[in-house]
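A quick write-up on the structure given underneath.
Chain A is the first sequence line, chain B the second, and so forth, proteins listed ahead of strands; every chain is numbered from 1. Computed over heavy atoms, backbone and side chain alike; hydrogens, waters and symmetry mates excluded.
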Number of protein chains: 2
Amino acid sequence: MNKDKKPAAATPHMSSSHRAHAQLREQLLRSKFLPGQKINEVSLANELEISRTPLREALNRLVAEGLLLDRERGFSVPGLEPEVVFDLFQARVEIECATVRMACELAGPAELDALSAFLDESMSESPDASVDRLIELDIRFHDTIAELSGNKVLRQMLSNLNDRIHLVRWVAMEGRRERTQSQHREILDHIRAGDTAAAIAGMRGHILHRKEDILQAIKAAYGHVYTLSSA
Amino acid sequence: MNKDKKPAAATPHMSSSHRAHAQLREQLLRSKFLPGQKINEVSLANELEISRTPLREALNRLVAEGLLLDRERGFSVPGLEPEVVFDLFQARVEIECATVRMACELAGPAELDALSAFLDESMSESPDASVDRLIELDIRFHDTIAELSGNKVLRQMLSNLNDRIHLVRWVAMEGRRERTQSQHREILDHIRAGDTAAAIAGMRGHILHRKEDILQAIKAAYGHVYTLSSA
DNA sequence: TGCCGCATCAATGCATACAATCCGGCATAC
DNA sequence: GTATGCCGGATTGTATGCATTGATGCGGCA
């Protein structure tokens with residue numbers, strides 16, 4: 001389905017700054033840092049076993065990606081301001097509706113069959129999969145649609161949004177295990193039926209978008225983060 | 001209308017890397033560098049009168065913003081690959097349609113009056129304004145709508161897209177001086193009339209989106225760039 | 001006891017130094 | 001004449017050193 005994409009922190013022959021960027025992105029997604037936390041460059045450089053120069057290059061990239069903030073002095077982890085998280089989810093809805101619409105126009109039967117097969121596999125392993133794994137499958141479904149849209153810019157934007165909402169999405173997944181998969185199936189069926197409007201509507205309803213749901217997920221996210229940090 | 005926003009390269013009390021970032025962004029928008037050109041760090045650092053360390057931090061940010069590329073060895077300026085430019089414009093259409101729809105729901109009469117007044121001013125100075133100025137006014141109109149959408153993430157994404165298509169948009173503006181302004185007026189009228197569908201349709205038709213138009217603009221862009229470089 | 005000033009320290013931002021790698025030219029061999 | 005291998009310069013990537021600045025803790029004073 002997609003053979004490309006970087007294996008995150010796998011390849012050992014990258015420059016230090018690229019490795020640091022990949023590792024930090026991973027750690028940020030996994031909430032190794034607390035929301036609002038200040039980044040200490042020396043300690044972080046020691047952990048990553050690099051010097052501050054390539055570390056700072058990685059941090060600067062993460063700032064541009066919205067995964068870190070650039071405070072007056074130094075870097076910090078974004079908080080979970082509800083307005084921002086809400087905007088992120090709203091932006092995601094719009095991007096995904098656009099990509100699914102384009103995918104309706106562009107995707108051929110072979111690609112849709114492949115996506116269907118992917119959903120079958122996903123569902124079979126779904127009951128006892130970890131949340132991490134569920135999120136991975138979830139992201140892959142949506143990313144495949146973005147790929148089928150043929151627009152690399154939108155796909156990249158979606159990837160970035162996925163990174164920035166990762167935590168909230170993670171905690172929200174718990175109560176949505178089954179719904180998620182069946183909704184994916186419905187969306188795909190609409191695409192295959194050529195019913196663009198229904199596919200878009202399905203997508204819009206599928207993504208967390210009601211303010212109260214998001215707020216609740218944010219609260220749960222705080223709980224999750226501080227549980228992790230004390231562990 | 002919008003009192004915020006950084007004045008780009010104005011404030012002298014920023015860090016070197018921030019200044020460099022602002023200056024380079026400006027220079028990239030103004031096509032000081034050729035498409036595909038490789039960046040020489042020492043010469044650029046000398047020009048900006050800073051050392052390579054903060055320069056590289058700025059370059060890394062620009063890479064994350066899509067304004068530069070990260071080649072095997074060093075940085076380079078993105079080319080004008082038609083597929084990418086087309087994707088950028090397509091993404092812009094989708095974002096702008098989303099923001100105008102949200103603005104229809106959120107914007108109050110006062111804000112729309114202000115936007116209308118802005119259009120009046122723009123039109124009065126339009127006939128003899130420079131292309132730079134026209135682009136500035138154009139961007140401001142669209143950015144204001146994004147602001148009225150209430151979604152800062154989408155607004156930021158639009159700003160980034162504007163940066164990345166700046167050149168092509170610039171050259172395309174020549175043949176569209178009058179059309180642009182009247183279309184802006186139409187879009188605003190639809191918003192004020194509460195006709196969301198018409199506003200979206202107007203926006204969609206307003207933004208460069210036909211492949212042949214974009215291709216032609218890219219060609220003109222090449223001409224413009226190489227004219228600049230020889231001057 | 002509470003508050004202010006000062007000194008000490010830690011952390012950032014930047015410049016410089018160093019190492020590794022690549023590119024080009026040139027000579028030499030076939 | 002072409003291919004090949006080597007050398008020197010140029011350029012990137014990283015580490016280290018230094019200055020500045022904000023934070024912190026402590027002692028004196030009201």
Determine, for E57(B) against R61(A), whether the closest basic-nitrogen to carboxylate-oxygen distance falls under 4.0 angstrom.
no
Would you mind classifying the nucleic acid contact of I39(B) as base, sugar-phosphate or nothing, using non-hydrogen atoms under 4.0 angstrom?
sugar-phosphate
So, is R52(B) close to the dA15(C) phosphate, meaning a side-chain N or O under 4.0 Å from OP1 or OP2?
no
Nucleotide dC23(C), atom C1' - distance to NZ of K38(B) in whole Å:
11 Å
Listed nucleotide nearest any side-chain atom of V42(B), set dG13(C), dA15(C), dT11(D)
dT11(D)
Any donor-acceptor pair under 3.5 Å between the side chain of R73(B) and the base of dG13(D)?
no
Within the 4.5 Å heavy-atom criterion, are T180(A) and F141(A) side-chain neighbours or not?
no
Under 3.5 Å, is there an N or O donor on one side and an acceptor on the other linking the side chain of S15(B) and the base of dT12(C)?
no
Mark yes or no for whether D87(A), through its side chain, and K152(B), through its backbone, hold a donor-acceptor pair below 3.5 Å.
yes
Do L24(A) and L55(A) have side-chain heavy atoms sitting under 4.5 Å apart?
yes
E57(A) CD to dG13(C) P, in whole Å, measures 14 Å
Interatomic distance, R71(A) CZ vs dA23(D) P [rounded to whole Å]
10 Å
In whole Å, what is the span from the CG atom of N40(B) to the P atom of dA10(D)?
11 Å
Measure the distance from CE on M14(A) to C1' on dT21(C) and round it to the nearest whole Å.
18 Å
Is the phosphate of dA15(D), meaning OP1 or OP2, less than 4.0 Å from a side-chain N or O of T53(A)?
no
Applying a 4.0 Å non-hydrogen cut-off, can you work out what L59(B) is touching in the nucleic acid: base, sugar-phosphate, or nothing?
nothing
Gap between atoms CD and C1', on E41(A) and dC14(C) respectively (whole Å)
12 Å
Starting at NE2 of H18(A) and ending at C1' of dG13(D), how long is that distance when rounded to a whole Å?
11 Å
Would you tell me if any nitrogen or oxygen in the side chain of S17(B) comes within less than 4.0 Å of OP1 or OP2 on dG13(C)?
no
Take atom CG of L55(B) and atom C1' of dG13(D), then tell me their distance rounded to the nearest Å.
13 Å
With E111(A) via side-chain hydrogen bond (donor to acceptor under 3.5 Å, both in side chains) - residues at least two apart
none
